[in-house]
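In what follows, chains carry the letters A, B, and so on, assigned in the order in which the sequence lines appear, proteins first and then strands, with residues in each chain numbered from 1.
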Number of protein chains: 2
Amino acid sequence: MRSDQVTIKDLARLLNISISTVSRALRNASDINRETKEAVLKLAEELNYEPNFIAQSLVKKQTKMIGVIVPAIHSNYFSQALAGMTDVASEFNYHVMFCQSNETLAQEISSIKKLVASNVEGLLVSVSKESSDICEFEKIRQKGIPIVMYDRILNGFSCSKVIVDEYEGAYNAVKHLIRKGCKRIAHITGPTDLSVSVNRMNGYLGALKDHNLPIDPDLIVIAKAFEENALMAVKKIMSVKPAVDAIFCINDLSAVIVLKYLKSKGIKVPEDVRVVGFNDDPVSGYVEPSLTTVMQPGYEVGKLAMGILIDEIQNKNFPCQTFRLRTKLVIRNSSK
Amino acid sequence: MRSDQVTIKDLARLLNISISTVSRALRNASDINRETKEAVLKLAEELNYEPNFIAQSLVKKQTKMIGVIVPAIHSNYFSQALAGMTDVASEFNYHVMFCQSNETLAQEISSIKKLVASNVEGLLVSVSKESSDICEFEKIRQKGIPIVMYDRILNGFSCSKVIVDEYEGAYNAVKHLIRKGCKRIAHITGPTDLSVSVNRMNGYLGALKDHNLPIDPDLIVIAKAFEENALMAVKKIMSVKPAVDAIFCINDLSAVIVLKYLKSKGIKVPEDVRVVGFNDDPVSGYVEPSLTTVMQPGYEVGKLAMGILIDEIQNKNFPCQTFRLRTKLVIRNSSK
DNA sequence: CTTTATTTCGAGAACGTTACCGGTAACGTT
DNA sequence: AACGTTACCGGTAACGTTCTCGAAATAAAG
């Protein structure tokens with residue numbers, strides 16, 4: 001903040017009128033003479049006057065700032081979401097203040113506190129993998145600050161939420177495999193307490209059930225840290241008899257590891273085993289064979305979440321609806 | 001901003017002391033009695049008092065906010081940089097307000113204006129592909145707001161800059177190819193007015209010259225929109241006689257397209273043609289064969305740039321140095 | 001017991017703006 | 001001539017802090 005800033009006072013002094021009049025002229029109120037108003041505007045232009053946003057914030061009690069918490073900004077999906085958010089925010093003249101939680105609860109909480117302390121008017125949060133506690137968020141809401149959760153939500157906390165329909169995405173992916181004639185479809189999932197794991201797993205189970213395929217517990221393997229444990233998982237899966245003819249992976253990076261392993265073992269994809277991932281990460285278009293995957297509309301999630309939040313801020317009502325965006329199955333060579 | 005906020009006034013009233021004393025207690029000044037100070041702190045804790053950041057900003061003339069402009073937030077490199085920035089910022093208790101230029105000059109300018117109007121204390125900018133005009137930035141600096149440019153810099157504008165040594169990166173990549181025995185090394189470059197193109201091209205030329213290899217203009221092909229024109233470029237290159245034995249690409253995505261084309265034509269990589277990219281995009285580890293590439297330390301660029309900016313803000317001196325971070329050649333199968 | 005130093009505190013201005021309340025012309029109406 | 005409208009404008013209090021200055025209370029020194 002510069003100290004040489006031109007203020008409303010300077011304009012008033014130079015024009016020999018009161019600061020109230022200048023203020024009125026600037027935010028074109030009704031009770032002001034056209035000529036004086038024009039004089040003020042002209043001088044303001046000449047002196048390059050810019051209203052002091054901080055001072056305005058103080059009296060109007062609004063900062064036009066929105067806090068966004070992202071688990072990890074590298075990650076194609078979240079950066080897409082962030083892009084959607086900033087686009088909508090700037091359309092409505094809001095600013096976004098942005099923090100990373102780096103997937104830890106501690107950083108998440110400290111970020112939230114910082115954002116609240118900077119008087120954000122609303123919060124957009126996707127919780128870290130560690131988070132399950134509601135009470136921190138309850139505190140924020142008690143202060144009257146609206147929260148919209150996106151993607152990684154906390155079920156116990158009531159607020160507006162924007163998520164993608166992972167169940168349907170997984171369901172359609174597995175249905176696609178079944179239509180291709182697969183009968184023994186394995187699933188590599190994540191930790192059972194994560195909503196991503198649960199939703200995608202349920203979609204998998206639902207599709208099997210609806211198509212009268214038996215559910216074989218041996219074909220469901222947990223990869224605790226996702227791609228880091230995917231290799232172990234695929235090894236385990238490929239050792240099961242009778243052999244599987246498809247693997248549905250919780251995300252693309254795991255699927256890529258699976259593809260690599262299968263190739264190293266001389267197992268042909270998609271002829272011997274079909275593989276499907278989740279996310280539509282850029283890699284999936286580049287691997288060999290290219291990977292069939294479930295596209296999540298990250299940009300749209302961001303746009304919608306920000307739109308809802310701004311609406312809640314401006315209308316001061318909090319409907320607590322949950323919006324579920326649809327995924328899209330992107331069929332590539334790994335399942336053809 | 002909530003209206004039910006506990007203020008310093010409330011504390012004063014409840015304790016029957018003046019607001020000045022409360023203020024002193026809160027920012028532990030020297031001239032205050034230990035007991036009263038403790039009483040204030042205790043009550044503040046009980047009532048959950050949080051200082052009003054806006055009010056503090058107004059009188060202290062500092063907002064603790066830094067504006068960051070990114071050409072495009074999706075893009076692994078820039079999101080890495082952003083991660084580095086936010087990490088450093090939060091370490092020094094600064095906040096980052098973030099805008100996208102989406103590679104257009106218009107959005108870049110409007111973003112800058114918005115950020116300045118919100119009283120950011122400094123600006124971190126990577127210019128869009130369209131930008132070449134200095135005067136907008138001159139205006140900002142005249143207001144006393146420090147600017148640090150990172151990655152995509154404007155040479156004509158004097159400020160601190162953080163870039164990666166693309167020349168050296170390209171030079172080493174080409175040297176690596178030469179060491180592998182390559183003699184006819186082609187280069188797919190970008191538009192000639194972009195600094196990325198120029199720097200990498202110069203590195204390529206430098207390495208050839210230093211190793212006494214002739215420069216063949218037929219082997220340098222411009223792909224105007226990078227990867228979108230890479231296919232045409234590689235076709236042109238492969239039609240040149242005598243045949244090339246290596247292709248150095250301006251970025252990884254172009255290189256991946258090159259790899260695909262060569263594979264489709266039955267040309268073996270690295271046996272017939274070696275390929276090297278630039279950026280160390282995540283894809284490069286997943287393609288087949290995996291891609292040798294030049295790693296740019298995005299996270300470090302962000303950290304360093306933010307560190308310099310904060311230093312300039314706090315010490316109010318603007319040394320206008322240029323920092324050049326080193327790249328790292330990541331050797332994978334496409335050049336082995 | 002006065003004088004001086006030290007500690008502790010309060011009053012009030014300031015930061016730049018908005019918003020409310022009232023005042024003064026000028027004009028028209030009765 | 002007295003009154004009511006209207007149009008325009010100024011004074012001033014807020015918003016929640018920090019900061020300077022001086023005053024009061026206490027302690028130390030003579």
Can you check whether [X] has a side-chain N or O nearer than 4.0 Å to OP1 or OP2 of [N]?
X     : N      : result
B:T36 : C:dC9  : yes
B:R27 : D:dC19 : yes
A:Q56 : C:dG16 : no
A:T21 : D:dC9  : no
B:K61 : D:dT18 : no
B:S18 : C:dA11 : no

Would you give the length of the straight line joining atom [atom1] of [X] to atom [atom2] of [Y], rounded to the nearest 0.5 angstrom?
X      : Y      : atom1 : atom2 : answer
A:F137 : A:I145 : CZ    : CD1   : 12.5 Å
A:I54  : B:K61  : CD1   : NZ    : 10.5 Å
B:I73  : A:F98  : CD1   : CZ    : 6.5 Å

Mark yes or no for a side-chain to base donor-acceptor pair under 3.5 Å between A:D31 and D:dC9, with no hydrogen or angle criteria applied.
yes
Do A:S20 and D:dG11 share a donor-acceptor pair, side chain to base, under 3.5 Å?
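Yes, the side chain and the base share a sub-3.5 Å donor-acceptor pair.
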What's the closest nucleotide to the A:S23 side chain, out of C:dT18, D:dT18, C:dT17?
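That would be C:dT18.
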From C-beta outward on A:A55, which listed nucleotide comes closest to its side chain: D:dT17, C:dG16, C:dG10?
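From the listed options, C:dG16 comes nearest.
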Whole angstrom value for the distance that separates [atom2] of [N] from [atom1] of [X]:
X     : N      : atom1 : atom2 : answer
B:D10 : D:dC15 : CG    : C1'   : 13 Å
A:R13 : C:dT17 : CZ    : P     : 13 Å
A:I54 : C:dT17 : CD1   : P     : 11 Å
A:F53 : C:dT18 : CZ    : P     : 11 Å
A:K60 : C:dT17 : NZ    : P     : 12 Å
A:L58 : D:dT18 : CG    : C1'   : 13 Å
A:K37 : D:dC9  : NZ    : C1'   : 15 Å
B:I17 : C:dG10 : CD1   : C1'   : 11 Å

If the helix axis at each end comes from five base pairs, how far does the helix from C:dC1-D:dG30 to C:dT30-D:dA1 deviate from straight, to 10°?
70°
Mapping B:N16 and A:I19 onto DNA chain C by nearest heavy atom, which one lands closer to the 5' end?
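With B:N16 and A:I19 compared, the 5'-side residue is B:N16.
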Under-4.0 Å salt bridge between [X] and [Y]:
X      : Y      : value
A:R152 : A:E103 : yes
A:E38  : A:K42  : no
A:E300 : A:K303 : no

Under 4.0 angstrom, heavy atoms only, what part of the nucleic acid is A:Y49 near: base, sugar-phosphate, or nothing?
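If one applies the 4.0 Å heavy-atom cut-off, A:Y49 turns out to touch the sugar-phosphate alone, with no base involved.
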Can you tell me if B:R24 and B:S20 form a side-chain donor-acceptor pair at under 3.5 Å?
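B:R24 vs B:S20: no donor-acceptor pair found between side chains.
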In terms of the nearest nucleotide of DNA chain D, which residue is placed more toward the 5' end: A:R34 or B:K9?
A:R34
Would you list the pairs meeting salt bridge (Lys or Arg N to Asp or Glu O under 4.0 Å) in which at least one residue belongs to residues 8-21 of chain B, sequence neighbours left out?
B:D10-B:R13
